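Scroll down for the structure; my scribbles are underneath it.
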2 protein chains.
Amino acid sequence: MKPEETREKILVAADDLFGELGFDATTTRDIAARSGVNKALIHYHFGTKDDLLEALLDGYYARLTETLLTALGARAGRSLEEQAEDVLDAYGDFLAENRTFCCIVQREVGSGQHVERIVARTLPAFQVGVQWLGRIAPHAPEGLELIQVLTSVYGMVVTYFTHGHVLQRLTGADPFSPKALEARKRHVRRVASLLLREIQRKPASRAGRKGGS
Amino acid sequence: MKPEETREKILVAADDLFGELGFDATTTRDIAARSGVNKALIHYHFGTKDDLLEALLDGYYARLTETLLTALGARAGRSLEEQAEDVLDAYGDFLAENRTFCCIVQREVGSGQHVERIVARTLPAFQVGVQWLGRIAPHAPEGLELIQVLTSVYGMVVTYFTHGHVLQRLTGADPFSPKALEARKRHVRRVASLLLREIQRKPASRAGRKGGS
DNA sequence: ACATGGTTTGACCAAGCGCCTAAACCATTT
DNA sequence: AAATGGTTTAGGCGCTTGGTCAAACCATGT
């Protein structure tokens, strides 16, 4: 077997297990067993278990940024609102196809030994998002500050994927079936456009009132 | 020292550590050291480490449901929209005062050994929420189905608290300062009322269009 | 003074962990 | 045929883990 195959098999097994059990609860022996690869090879190819996680995340973030940039670049002639839809769509599709990804990230972003690493990688995307929103809506109304909106939209998107178990039991249906995913996409698009329209509203009558109910 | 004190000290230490390092990465020795209590006492008072987590979550969910019911019951004469605001406010306040709570939950709801336990406890709140929304808006428009809206609002609220680290680095300011929390609350209220208004809209012209952007 | 029974203690255990090492493997070059 | 150097292997090392245990502690009732 080629060394590249070995690496790939280890990464796939680690991805599955980190997503299913969490990083801490997954042992190198689990990964070796699932991938059908000798335990020592993990350390030979990736170094420590932490390094393996880093390699995994490297791959994810590389693919994600590429996906998002492609979505932003393609059909560049579209309006900003349409670009927003494209990016959100692409992001949703990416998460749908890489469901372990947001489970791993969500698990580590709030607490754990890898907070810093995850935060450092989540941050740039947020910064780009804020800048981009700033171009669309230079004067955001009170209660709809750009960081607030961005945080909300982000949370709205990822929560659907991290809460698959809850949604499954709540609706009885598979939240990741093509149909369900399409429905979710429609919803996100709708809410996003609603918010976009709202933050683009001119301050209007700058007389007595200061911010609507 | 009274046994009740011991129990409390263990719970507080476990709460801190589970929130900071995660359940798996926290050892019973850590908890013993932080609480200044003998390691064996943890097992004497709570049983296994899993049982300790369960006791911790029991306390949290009990206080949370009490908080939410109180918020819903008080000022019962108010309109449904105002009740929604009250509940969201109370929920936000609760998370602000119990920041480790949503870190622990968020860490376990997507993956891990405690998924089922967490899901079983998150589910009822979702069910109540869906029922309640159903009373407000019996005919939700396409793209704004109640479960979708509820998921989004929930995600919007908790993401702010689970992503404290990111927001800290993004804005440079403490996202949990009273001022910042107040700003977030304003935002959530605003978006929620926006969504409420939208899902209550009558199907309107039932002629050609079916639900557009 | 003594017995009681809920608490506390330090020492201890088997199991499992991440990681390492020495030797074997094998395609390629000399 | 011998040597090379990137892979693969079984086994094991030192250490930490969650959990246990018998003994000690101590306020209480007798």
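Keep in mind it's a predicted model, so treat the numbers as computed, not measured.
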| Divergence of helical axes at both termini of the helix from C/dA1-D/dT30 to C/dT30-D/dA1 - five pairs an end, 10° steps |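 The end axes of the helix from C/dA1-D/dT30 to C/dT30-D/dA1 are about 20° apart, to the nearest 10°.
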| Could you walk me through whether A/H187 and A/Y160 pass the ring pair (Phe, Tyr, Trp, His ring centres under 6.0 Å) check? | CA-CA 11 Å; A/H187 168 74; A/Y160 185 82; 9.0 Å; no
| query | Is the side chain of A/T159 donor-acceptor paired with the backbone N or O of A/M156 at a distance under 3.5 Å, no angle test? | reply |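 No, A/T159 side chain to A/M156 backbone: no donor-acceptor pair under 3.5 Å.
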| Is a side-chain N or O of B/R107 found less than 3.5 angstrom from the main chain of B/G22, in a donor-acceptor match? |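 No, because the side chain of B/R107 does not come within donor-acceptor range (under 3.5 Å) of the backbone of B/G22.
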| message | Would A/K49 and A/F23 count as a cation-pi pair here, with the cationic atom under 6.0 angstrom from the ring centre and within 45° of the axis? | response |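 A/K49 over A/F23 ring: yes.
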| Residues from residues 11-22 of chain B lying under 4.0 Å of DNA chain D - heavy atoms |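 Contacting residues: none.
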Name each donor-acceptor pair under 3.5 Å that joins a side chain in residues 98-105 of chain B to protein atoms two or more places apart or in another chain, with its distance.
from	atom 1	to	atom 2	distance (Å)
B/N98	ND2	B/F94	O	2.8
B/T100	OG1	B/D15	OD1	2.8
B/T100	OG1	B/D15	OD2	3.1
B/T100	OG1	B/Y60	OH	2.9

| query | Do other residues, nucleotides or ligands put more than 12 heavy atoms under 6.0 Å from the NE2 atom of B/H165? | reply |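 Incorrect, the count does not exceed 12.
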Spacing of [X] atom [atom1] relative to [N] atom [atom2], expressed in whole Å:
X	N	atom1	atom2	result
B/E5	C/dT7	CD	C1'	13 Å
A/K9	D/dT7	NZ	P	16 Å
B/K49	D/dT17	NZ	C1'	9 Å
B/D50	D/dG18	CG	P	10 Å
A/Q113	C/dC17	CD	C1'	14 Å

| task | Return the set of residues passing side-chain contact (heavy atoms from CB on, under 4.5 Å) with B/T65 (not counting sequence neighbours), or none when no residue passes. | result |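 Once residues adjacent in sequence are excluded, B/T65 has no partner under the side-chain contact (heavy atoms from CB on, under 4.5 Å) criterion.
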| How many angstroms lie between atom CD of A/E145 and atom CG of A/L150, to the nearest 0.5 angstrom? |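 Going from the CD atom of A/E145 to the CG atom of A/L150 covers 13.0 Å.
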| task | Can you measure from CD (B/E198) to CZ (A/R190) and round to the nearest 0.5 angstrom? | result |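 Going from the CD atom of B/E198 to the CZ atom of A/R190 covers 5.5 Å.
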| said: Testing the 3.5 Å rule here: is there a donor-acceptor pair between the side chains of B/Q148 and B/T151? | reply: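 No - no donor-acceptor pair under 3.5 Å links their side chains.
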Give every pair of a protein N or O atom and an N or O atom of nucleotides 22-26 of chain D that lie under 3.5 Å apart, one pair per line with the distance.
none

| A/T48 side chain near C/dG18 phosphate (N/O to OP1/OP2, under 4.0 Å) |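 The answer is no; no side-chain N or O of A/T48 sits under 4.0 Å from OP1 or OP2.
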| message | Apply side chain to side chain donor-acceptor pair (under 3.5 Å) to residues A/S152 and B/R184 and explain how you reach the verdict. | response | CA-CA 10 Å; A/S152 295; B/R184 181 67 188 173; 2.9 Å; yes
| said: Whether A/K9 and A/E4 form a salt bridge (side-chain N of Lys/Arg under 4.0 Å from carboxylate O of Asp/Glu) is what I want to check. | reply: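 The answer is no: the pair does not qualify as a salt bridge.
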| For DNA chain C, which residues in residues 26-46 of chain A have a heavy atom at a distance below 4.0 Å? |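 Per residue number, the list reads A/T26, A/T27, A/T28, A/R29, A/K39, A/A40, A/H43.
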